[in-house]
Structures are given as C-alpha cells and as structure tokens.
Amino acid sequence: MDSANLPLVRPQVALGVILALVLASVGSLSRPAGAAAPGPVSSASAFGVRVAVPGKAPATAGSISSPPQSAASVVSWAYGEGAVATAGISAGTNATVDDDRAVGRALVSVESVSLFGGEITASSVTAKSVSRASSLRAGGELDGSSVADLVVLGQSVAPSANGKVALADWGYAVVLEQAVTEQKTSTRRGHRGFVAGLHIHLTAAHGGLPAGSEIFVGYAEAAAAAPRALPPPTSPPPTNPPQQHDPVPPPPGTTPSPPPIVQNPPNGVRPNLTAGGYVFPVYGPASFSDEFRAGRADTGWHHGNDVFAPLGAPVLAVTDGTLFLVGWNTIGGNRAWLRDLQGNEFYYAHLSAFSPLAQDGAQVQAGDVIGFVGATGDAVGTPPHLHFEVHPVQLLWMGYDGVINPYPYLLAWQRADDASFDVSGWTPPQGKAPPPAAVLLQADDISTYSGLDPAGLEGMLAGEPLFGEGPPGPKIVYAEPGFADGG
C-alpha cells in the first residue's frame, strides 16, 4: 500500500454545523436526569432556506418539525438585495412510534434557487432524511437528496456528497452536506441523519452579507431510537479465560489511579529526520506489523499499529507540533496527543512514563523525547509497546473513527542510515503526511456525543477528552448517498 495514494483529502462536514444541528435537536429525544428509560422515540425537522448573519437572529423560510406530523408551503422567498431568491418551498415531516419501532422522516424541496444575483443557481434542491430504530437494529438513508442543474460562477457542477466548491476569493459551498450519528449502547440503539442540499460559507463580505455569514438551502433531519433487545442468558465465563492483546477494561468504579510517572530521557537521542520532517516514533530496536482494523474487545477494532520495543525505550515526537491531553486514560494508560503544524493529530498510548517535556501545550520538535514505551492502561500483561495512531485533519469531524492506517507512514519514516532497522534492498517512499484541505482554526469537538444520548448535551458542556479514546458508543460516521442498513 503506497502512502502517497492514501484517500485522505476529501472535504467533509464542518464541526460547527454538526454542533449546531445536534444542539438544535437534542431536546426532542432527551429526558430529565433520573427519569425512567424511554421506549421508542422519533423526531424529524426540515426547512427550505436559512440565512445566518453574525450578530443577528437567523432568517428561515418553511421551517417545520415533528411530532406531530407537519407540512409547510411557501410560494416564494427572498432575502437581502438579491442574496437569496427562490420560487416554491414545500416541506413535510413525520415521526411515528409503533410498538417497539420508531421512524422519523423529513423531506423538503426548494425550486428555482438563485443566490447573489445568479452567481449560484439550481433548478431545484431536495433534501430527504429517514431514520428507523427497533429493538434489533437502527439505520436510515439520505439517498433521496439531490441538487439539479447546479451552476456556480458560470460553471456547471456535478453534485456529490460533501463536495466542496470554491467561490472565488469570498467563500466556498458544500454540496449535499451530510452526516450520520449512531447510538449503540448496552441498552439502546439509535440513528440520526441530516443533509443540507447547499451550504454557503462567506469568508469575506459579498452580496450585501458580511464575512462569516452562512446560507443553507434545503435541510432535512430525522432521528429514531429504541430500547435494545436483551441478549439471551449465557453460561458463566471460564475460570481462566484466554488473555487478549487488549484486555477488557476494569468494571465501573474500579478504574485505577496511576501515579504521575516522569523520567529524564537518555542523552543523545536525536534520530535523523525524513525529507518531510517526520521521524519514527520509537528510538532504537523496534518491530511492528499491519494489524490496523483487527478486532479488539474494548474499542471494537484496532485504530492504529503497535510498535513493540524494550520497556523504557524513548518515544519521540514524530514531527514539530503541540502536545495536548497528556495524562491518563483507562484504555490508553499514560497517553498523549500531538498536533502537527498542518492540523494532523497523532495518538501515543500505553507509555510507561512521560519525559519532563510532556506537558499540555508544550511545543516540541521532531525527535524530542516525550515518553517511554510501556504497557499501561488495558495493555497490562502484554509485551511493552507503543500504540500509535494517525488522525488526518480532514477526518477529525468523524471523531475517534477518523483515523487512517499508520503502517505505510511508519515504513516511510524509517531511515536507511538508522542502524536499528534492517533496510537492505528497501527504498523509502515519500514520508510526508498529506497536506490538509483546510486548517481548523477553532472548533468544539462533539464527536463522542449524540443527540440520541440523553446525557449528550451535559457531556459536551463538561468537556470530556477529545474523541473519548475508548469503548464504542455514539459516533459520527460518513454517509454516502444510499446509506442504509435495511432497518
């Protein structure tokens, strides 16, 4: 697998959009703290056009929600001096519950769309979202959404899910912007999907609207959740169960409190850089293989590669950047995150100790010692190793699952003049991580929270660690047109 061909650069849904939509709809499926667990529930919402200008209340046409069943019709709508003009807007939503099954449906259609005096036009924009949930499964689809005859700045554009289109020097548009939030817990299953036909972002003033303004044309969202069917009784586990590479975390209430371990690094640890400014994350003899996506008991699947090395081997910053979330995590043990200058993020776990340099907010250079190989967290009882992950900036909106296989990069970051590796007959590929499509300046990470989770809003406000770094639960996943699970 060639690292230069990894499918990383793909415009995705903005975190700010997901945050706004989840906060807008979380109340419909939440319940007061301490209340009894609800049965099946569903909701749906839609609107034709919304213009959000900084410092002003949003202006919206054709906004409806369910329950109960709703419908809306607008003959035509305009905003500003030519900023937005449309013909008919029609919208309908429906949320039903039948025994143990819940279904939410939302559909909106906007005709003859013209933005900024005809600089962006479409004969019609349709957004459709369906979510279903029962005791056995949850799923939905967004495949009824479309943008017909889209023309941007005089050029015809073929719509594609989450396709990004530059708007000269004054902004950009996202076509068929969409995402899905899933809930999979021991007690409930849920699904929420949203799609916006057109989403315009102004990075500079244009058409009478200031920088920072946003225009949505055709938005539909649906959600459904239901109690999960209880599994049949199982026989008690064997007295001496086989050991797994990643043991199951300790039961609730027994989370260990690790001591703050800090060690000074040995002198002279400064490996050579690759041409791209990246170094291998462990100094000295080490071995690794491609076990990315292998099954794991506590995280569902392996999100990285394990680099096996002697206990206490120096762990290095792979590139120049900023350290954050330096500390303890039940699964990762002593762990730390590194964000490079492009916005890509790297996760280090199971360290035996940190170096004095490892502090939240510390600026490090490639090759700096930030910790030492160990077997902490859920790696207790396994050979010492570094669990290493690569999270490209383009996939951060996906949360902890926004990760790629680090194996090609670990290969590329080995250096032929590093005697600790057998590189006979090996030609190093390009080792530089791919450049980002955009640099994330500021965002509230909500990837571990779901509008289907009654505690989601409280958890988001409490500021849990980035990505959660832990067991599977509510997550944001990418949804191609036609996404469905047959539920």
Side-chain angles (χ1 to χ4, degrees), residues 3-20 162-166 171-172 174 177 179 199 201 203 211-212 273-281 303-305 316-326 332 335-349 357-368 370 388-406 408-410 412-413 430-448 460 463-469 475-478:
S3 62
N5 295 323
L6 289 175
L8 298 181
V9 181
R10 185 173 192 177
Q12 302 290 359
V13 182
L15 277 173
V17 177
I18 298 175
L19 175 61
N162 292 312
K164 187 176 181 180
V165 182
Y172 63 93
V174 182
E177 184 177 53
H199 183 186
H201 302 252
T203 57
L273 301 181
T274 68
Y278 290 80
V279 304
F280 192 76
H303 287 60
N305 290 159
L316 311 175
V318 295
T319 185
D320 297 353
T322 304
L323 295 176
F324 64 103
L325 288 178
V326 177
R335 61 83 168 95
W337 289 80
L338 170 65
R339 180 183 296 112
D340 72 9
L341 303 181
Q342 296 174 318
N344 304 301
E345 296 181 354
F346 307 89
Y347 179 54
Y348 301 75
L357 185 60
Q359 303 287 336
D360 282 340
Q363 302 296 310
V364 296
Q365 294 181 326
D368 282 343
I370 61 175
F388 182 74
E389 299 177 8
V390 178
H391 293 257
V393 63
Q394 297 91 343
L395 301 184
L396 296 185
W397 67 274
M398 292 178 65
Y400 189 57
D401 286 345
V403 64
I404 61 169
N405 189 352
Y409 297 100
L410 292 174
W413 294 341
Q430 174 64 37
K432 185 177 181 180
V439 176
L440 189 64
L441 298 179
Q442 182 177 0
D444 293 316
D445 181 74
I446 61 165
S447 57
T448 58
M460 188 278 292
E464 291 292 329
L466 183 67
F467 295 153
E469 308 159 350
K475 63 179 181 179
I476 295 174
V477 298
Y478 178 69

Plane angle bin for Y348 and F388 - parallel if under 30°, tilted between 30 and 60°, otherwise perpendicular: perpendicular
Closest heavy-atom pair and its distance - I404, P392: CG2-CG, 3.8 Å
E177 side, atom CD; K164 side, atom NZ - distance, nearest 0.5 Å: 11.0 Å
pair L325-R335: side-chain heavy atoms closer than 4.5 Å: yes
Separation of L316 CG from Q365 CD (nearest 0.5 Å): 13.0 Å
Nearest atoms (heavy-atom pairs only) where V403 meets E389: CG2-CB, 4.2 Å
Parallel, tilted or perpendicular: ring planes of W337 versus H391, cut at 30 and 60 degrees: tilted
From CG (D340) to OG1 (T322), nearest 0.5 Å: 9.5 Å
Over all atoms of both residues, closest heavy-atom pair of A366 and V318: CB-O, 4.0 Å
Distance in Å, N405 CG paired with L410 CG, rounded so as to fall on 0.5 Å steps: 8.5 Å
Heavy-atom pair with the smallest gap, counting every atom of L357 and L323: O-CD1, 4.0 Å
F346 and Y278, any side-chain heavy atoms less than 4.5 Å apart: yes
Shortest non-hydrogen contact between T203 and G171, atoms and distance: OG1-N, 3.3 Å
Considering all heavy atoms, the nearest G367-V279 contact: N-CG2, 3.7 Å
Separation between CG of N344 and OG1 of T319, rounded to the nearest 0.5 Å: 9.0 Å
